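Down below is the structure, laid out as structure tokens.
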Amino acid sequence: MTGPRTVPTTDGPNRAERYTAAAEQALLAGRPHRALRLLAATGGGAAPAAVRGRAELVRGLAELRDGPVGDAHESLMLAAALLGPDAPGQCARAALAAAVAAWAAGDRAACLRALGCETVDGDPRHTTRLLPSASAGTGREGGGYDLVRDHALGMRAVLEARFDRAAVPLRRVVEYARTGEKPEGLLRSAAAALLLGDLGAARRAGARALAAARNRGAAALVPQALEYLAYAELRAGRHAQARTHAGQGLRAALRAGQRNTAAHHHAVLALAASIEGDTTSVAGHAAAALAIARRHGLAQAATLAQWAAARADLGRGRPLDAADRLGPLVHPGPRRGHFAVWMLAVPCYVEAAVLAGCPDDSRTVMEEFARWAAFGADPQAPAQLARCRALLTGPDEADAFYRRALTLHDEAGGDFERARTELLYGRWLRRRRRLREARDRLGAALVGFDRCGARVWAQQTGAELRAHGSAPCPAGSDALSRLTPQQLRIARYVAEGATNREVALRLAVSTRTVDYHLRNVFAALGLRSRVELARMVEQEEQTGARP
């Protein structure tokens, strides 16, 4: 007796379509595990290639946010192959997401392959196809821009170190944020701006993406928008704002089941804590980032966490420990850090190696760092490069490099990096018995570190000032007489409560000029804040008014 026959049905493809569509909605709503359960119920094989491609795209995106990124890369590459010419927009989106997965893993060759570029003996060789044009599909985000294709072109040019070719397509993606409304397109704009080093544009695009994601109920995109905002603030030197965004992003990522995104937020929080000298927070967030990174192959998050731990060592006056941590990350070899991150750690490594008495160890990475600084993707890099050259050169040239670094800091902004240069320059001057200049630089460093909350670095600077024999000027000692007429005018206006901009308008000078003179005022008087300056001015005026 034979069993019942299986009657062919057309319900399989329909079921796969329905369940795949439901999985897409679950992923967008920030429920990746539900999306994966829905995919498991599709029946898979009976569905058309386009539907199976969409299913693999959902699977790959879910794994990219919460799973081994190597698995995500393979799922996304399969999605691109299944979608092919029948769904060019989705195919382009899958291929670019595969490149993002390879980027997170630190696999440059796989990233280039996903973008349509093979490598032969480490040298890029273009294939005939970069990505299918997304114009006919969902890749065109609006405003006439093919964002996916332009993003891919720019990313590939960056990976090939052809930075001149990266600017035009990436700039088109950045421009989308001016009028675009779709969260995914705005996230692409933020990512492109970060690649270009346009941190103002990255913040604007990230903020718009965050608002759009919340407005449209796209909970899955909120953690990523906060990640881009945190990175933009961190690279701009606004560590308190970076910490705020990363804290919110960490909570959102954990709610959405996105442990990979959470690892990046942990890394940002560790980096922010390394500025403030909170060693407990550095250790906790770095360990959390590394735990996820090691399980899921996140080379980028791991490199950032290790850099944070090393910078904390450097801030605590332990340069040898910092150099030991950073050496493997920045030198060529199998333990080198992520290709897009290790260069950010080079200035810390050079400083640590020099302070540890091993300057020659750091010279080998300077050429690559100089190329990176010339690209312009990191506004702080040119000033950091000049500072590194000052640390590594002889006494006849170091002075000029330090001054060059300070000029470049004025252009880039950021209190923390400028204060680090002031501290190193002040140490250098003190050891050469140029004591008045040393005190000015160390005083300016102290003000800068206090302004950005870098307590442990301020303590280092205070120790240098004590070694110099300096102390804040006591009230009643006619300290204001040490100031130049212009400095005195600025000091009095600031003591009255005027902002730097208001002082500049009163004196018909630039805000930068006021900021420069005010740093020198604080340094000359041994003060740390406007409140202390106001108190000193008031006390001296009262003393002068007595009979």
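FYI, the numbering just counts along the sequence from 1. Only a predicted model underlies this, so the values are computations on that prediction, with no experimental measurement involved.
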Revision key, fill the gap. Applied to residues 335-345, the salt bridge (Lys or Arg N to Asp or Glu O under 4.0 Å) test, sequence neighbours excluded, yields Arg336-Glu368

Review point. Just by distance, do the side chain of Gln300 and the backbone of Val341 share a donor-acceptor pair under 3.5 Å?
Key: no

Exercise for review: Report the residues that fulfil side-chain contact (heavy atoms from CB on, under 4.5 Å) with Ala218, sequence neighbours left out, ordered by chain and then residue number.
Suggested key: Leu28, Ala213, Leu221

Review point. In chain order, what residues pass the salt bridge (charged side-chain N to carboxylate O under 4.0 Å, His left out) check against Arg259, with sequence neighbours excluded?
Key: Asp66

Study note, to complete from the structure: Residue pairs passing the side-chain hydrogen bond (donor to acceptor under 3.5 Å, both in side chains) test with at least one member in residues 193-219, sequence neighbours excluded, are Arg171-Asp198

Check your understanding: Arg255: what forms a side chain to side chain donor-acceptor pair (under 3.5 Å) with it, not counting sequence neighbours?
Key -> none

Exercise for review: Just jot down the side chain to side chain donor-acceptor pair (under 3.5 Å) partners of Asp278, sequence neighbours excluded, or say none.
Suggested key: Ser281

Point to revise | side chain to side chain donor-acceptor pair (under 3.5 Å) involving His409 - partner list, sequence neighbours excluded | key: Thr421

Check your understanding: Under 3.5 Å, is there a donor-acceptor pair between the side chain of Arg530 and the main chain of Ala498?
Key -> yes

Practice item. Hey, could you give me each pair passing side-chain hydrogen bond (donor to acceptor under 3.5 Å, both in side chains) that has a residue in residues 76-89? Not counting sequence neighbours. Key: none

Check your understanding: side-chain hydrogen bond (donor to acceptor under 3.5 Å, both in side chains): which pairs involve residues 371-384, sequence neighbours left out?
Key -> Glu367-Arg371, Gln384-Glu417

Review point. Thinking salt bridges, do Arg93 and Glu184 make one under a 4.0 Å N-O criterion?
Key: yes

List the atom pairs, donor and acceptor, that lie under 3.5 Å between side-chain atoms in residues 301-312 and the rest of the protein, sequence neighbours left out.
{"unit_1": "Thr303", "atom_1": "OG1", "unit_2": "Ala299", "atom_2": "O", "d": "2.9"}
{"unit_1": "Thr303", "atom_1": "OG1", "unit_2": "His338", "atom_2": "N", "d": "2.9"}
{"unit_1": "Arg311", "atom_1": "NE", "unit_2": "Ser274", "atom_2": "OG", "d": "3.0"}
{"unit_1": "Arg311", "atom_1": "NH2", "unit_2": "Leu271", "atom_2": "O", "d": "3.1"}
{"unit_1": "Arg311", "atom_1": "NH2", "unit_2": "Ser274", "atom_2": "OG", "d": "3.4"}

Practice item. Identify, with sequence neighbours excluded, every residue that meets side-chain contact (heavy atoms from CB on, under 4.5 Å) alongside Pro382. Key: Leu408

Residues 226-234 side chain polar contacts: donor-acceptor under 3.5 Å, at least two apart:
{"unit_1": "Tyr228", "atom_1": "OH", "unit_2": "Gln224", "atom_2": "NE2", "d": "2.8"}
{"unit_1": "Tyr231", "atom_1": "OH", "unit_2": "His264", "atom_2": "ND1", "d": "2.9"}
{"unit_1": "Glu233", "atom_1": "OE1", "unit_2": "Arg238", "atom_2": "NE", "d": "2.7"}

